[in-house]
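Single-structure report; data block below.
The first residue of the sequence shown is numbered 1, and numbering continues consecutively from there. Every value quoted in this text rests on a predicted model; they were computed, and no experiment measured them.
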Amino acid sequence: ALNESSYPRLESRARWSALTLSVPSKSDIVQRDPVLLLVSEDDMLSLALYPLDLEKPPEAFGALPWGPRCALDVVRRALGRNEEFAGRLEREVRELEALPADESPERFFEATFRLKRALSVAKGDLWRLRGILEMLAEGRRTLPGLGEPGREAARALGDETDYLYETVDNAREAVLSLIDLHINVAAHETNRFMRLVAIMSTLGLI
């Protein structure tokens, strides 16, 4: 089930809910590790393929029953990981922006395309998680024992997710603009070289 759960989703039943999250990997910017939370009002079971450093006693949402309190705290920690991830990618984008457009290193496009892919995956995951939190906040979906305090907590987490989504989206647009700039400069240099070749060929024929 974890191998098939590559994006955030929520499945609810009368006494329990299954919430899947996607957490940025610390070793690979493209990889995102899934964690599955099985939540009842008084319990939560978390399952992950790799150690994620998320399964700790909850530090927030003390007014909630234990199950939804633990689940929302894991969401909060996952958002913290996404915030670190977004900051890391923003720094990489700024480093690439500092490179002269006419001096692209050999691996520039490989680095930028990998960065674009990581940002696209993160953007999609944050968009889905934001939708889940909005549904919880509005009461269209629920966790066992969530109640009004839990919906307020979900609304606050949804606002944080929305901010991270915009941050990742802006970084992705910056990468796309950077790729376009370097492609245009490379095409201009190629055109200059081809014109020179054409002139030399003409002179050679004469």
| query | Just by distance, do the side chain of Arg151 and the backbone of Leu146 share a donor-acceptor pair under 3.5 Å? | reply | no
Can you confirm whether [X] sits close enough to [Y] that some side-chain heavy atom of one is under 4.5 Å from a side-chain heavy atom of the other?
X      : Y      : value
Leu157 : Leu79  : yes
Leu129 : Asp125 : no
Val175 : Arg172 : no
Leu45  : Val39  : no
Glu41  : Arg15  : no

Is [Y] paired with [X] through a side-chain N to carboxylate O contact shorter than 4.0 Å?
X      : Y     : answer
Arg91  : Glu95 : no
Arg114 : Asp28 : yes
Arg77  : Asp73 : yes

| task | Only one of Cys70, Pro58, Ser17 passes side chain to side chain contact (heavy atoms under 4.5 Å, CB included) with Met44; say which it is. | result | Cys70
| field | Under 3.5 Å side-chain donor-acceptor pair for Asn82 and Glu84 | value | no
| Distance-minimising heavy-atom pair for Ala122 and Arg32 | CB-NH1, 3.7 Å
| query | Think Arg130 forms a cation-pi with Tyr165, using NZ or CZ under 6.0 Å from the six-ring centre and within 45 degrees of its axis? | reply | yes
